[in-house]
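The figures that follow rest on heavy atoms only: side chains count, while hydrogens, waters and symmetry mates do not. Values in this document were obtained by computation on a predicted structure and should not be read as measured data.
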Amino acid sequence: MHNQGHEEPTGQAKITSAYNLPCDYVIHTVGPIVRGQLTKEHCELLESCYLSCLELAVQNQIESIAFCCISTGVFRFPQKEAAEIAVQTVVDFLQADKRIEKVVFNVFKQEDYDIYKRLLG
């Protein structure tokens with residue numbers, strides 16, 4: 001961010017080389033920070049994070065993508081609502097565009113695992 005002279009806007013995505021990671025690319029996104037009550041704007045921005053990442057993956061012929069729990073943790077987006085947005089956004093995208101073959105939701109906490117397991121069946 002320092003070299004480019006500005007921070008990244010919330011809800012958009014940018015792709016970089018993965019360097020020493022065991023993948024070809026890293027897609028970065030900035031999720032919304034929830035201060036106080038969760039709003040419709042927070043939800044729309046989080047949905048935009050997932051859509052922007054998926055669209056960028058398709059543009060770069062990427063067939064698989066892994067997501068962390070965007071905006072949860074220190075950004076304070078409620079876990080259940082964040083997972084619901086993530087899953088619904090990805091499912092809707094994959095129904096409309098078949099070029100991504102695999103999506104992984106990478107979770108850190110047992111609570112997140114339980115939420116995603118319930119949502120994904």
Problem set entry | Path from I65 to L120 over hydrophobic side-chain contacts below 4.5 Å | yes
Exercise. Can you find a pair of side-chain heavy atoms, one from F77 and one from C69, that are under 4.5 Å apart?
Worked result: no
Exercise. Which value, rounded to the nearest 0.5 Å, describes the distance between I100 atom CD1 and K102 atom NZ?
Worked result: 13.0 Å
Exercise. Testing N106, V90, V104 for side-chain contact (heavy atoms from CB on, under 4.5 Å) with F67, which one passes?
Worked result: V90
Exercise. Are the side chains of V87 and F105 in touch, meaning some heavy atoms are under 4.5 Å apart?
Worked result: yes
Problem set entry | Heavy-atom check, side chain of Q79 versus side chain of E111, under 4.5 Å | yes
Exercise. Taking a hydrophobic cluster as the set of Ile, Leu, Val, Met, Phe, Trp and Tyr residues connected by side-chain heavy atoms closer than 4.5 Å, whether directly or through intermediates, do Y113 and I115 fall within one such cluster?
Worked result: yes
Exercise. Within the side chain of E63, is there an N or O that forms a donor-acceptor pair under 3.5 Å with the backbone of Q61?
Worked result: no
Exercise. So, the side chain of S71 versus the backbone of P32: is there a donor-acceptor pair under 3.5 Å, distance only?
Worked result: yes
For this session: Spell out, yes or no, whether L45 and I33 are grouped together once hydrophobic residues are joined by side-chain heavy atoms under 4.5 Å, including indirect joins.
Result: no
Problem set entry | Within-4.5 Å side-chain heavy-atom neighbours: Q95 and D92 | yes
Exercise. Would you say N60's side chain and I62's backbone share a donor-acceptor pair under 3.5 angstrom?
Worked result: no
For this session: Mind checking the NE2-CD spacing from H28 to E8? Nearest 0.5 Å is all I need.
Result: 9.0 Å
Problem set entry | Exceeds 12 heavy-atom contacts within 6.0 angstrom, atom NZ of K98 | yes
Problem set entry | ILVMFWY cluster, V58 and V91 together (side-chain gap under 4.5 Å) | yes
Seminar exercise, completed: d(K14 NZ, C53 SG) to nearest 0.5 Å is 13.0 Å
For this session: Determine, using the 4.5 Å side-chain heavy-atom cutoff (strictly less than), whether L54 and Y116 are members of one ILVMFWY cluster.
Result: yes
Seminar exercise, completed: d(L94 CG, E101 CD) to nearest 0.5 Å is 11.0 Å
Exercise. Can you tell me if S17 uses its side chain to pair, donor with acceptor, with the backbone of Y25 under 3.5 Å?
Worked result: no
Exercise. With a 4.5 Å limit on heavy-atom distance, are the side chains of R118 and K80 in contact?
Worked result: yes
Exercise. Say you draw a straight line from OG1 of T89 to CD of E84; how long is it, rounded to the nearest 0.5 Å?
Worked result: 11.0 Å
Problem set entry | Whether T29 side chain and A13 backbone form a donor-acceptor pair below 3.5 Å | no
Exercise. For the side-chain contact (heavy atoms from CB on, under 4.5 Å) test, which of V30, I85, L46 pairs with I70?
Worked result: L46
For this session: Heavy atoms only: give me the nearest S48-G11 pair and the separation to one decimal.
Result: OG-O, 2.8 Å
Seminar exercise, completed: Distance col, row E55:CD vs I27:CD1, nearest 0.5 angstrom, shows 11.0 Å
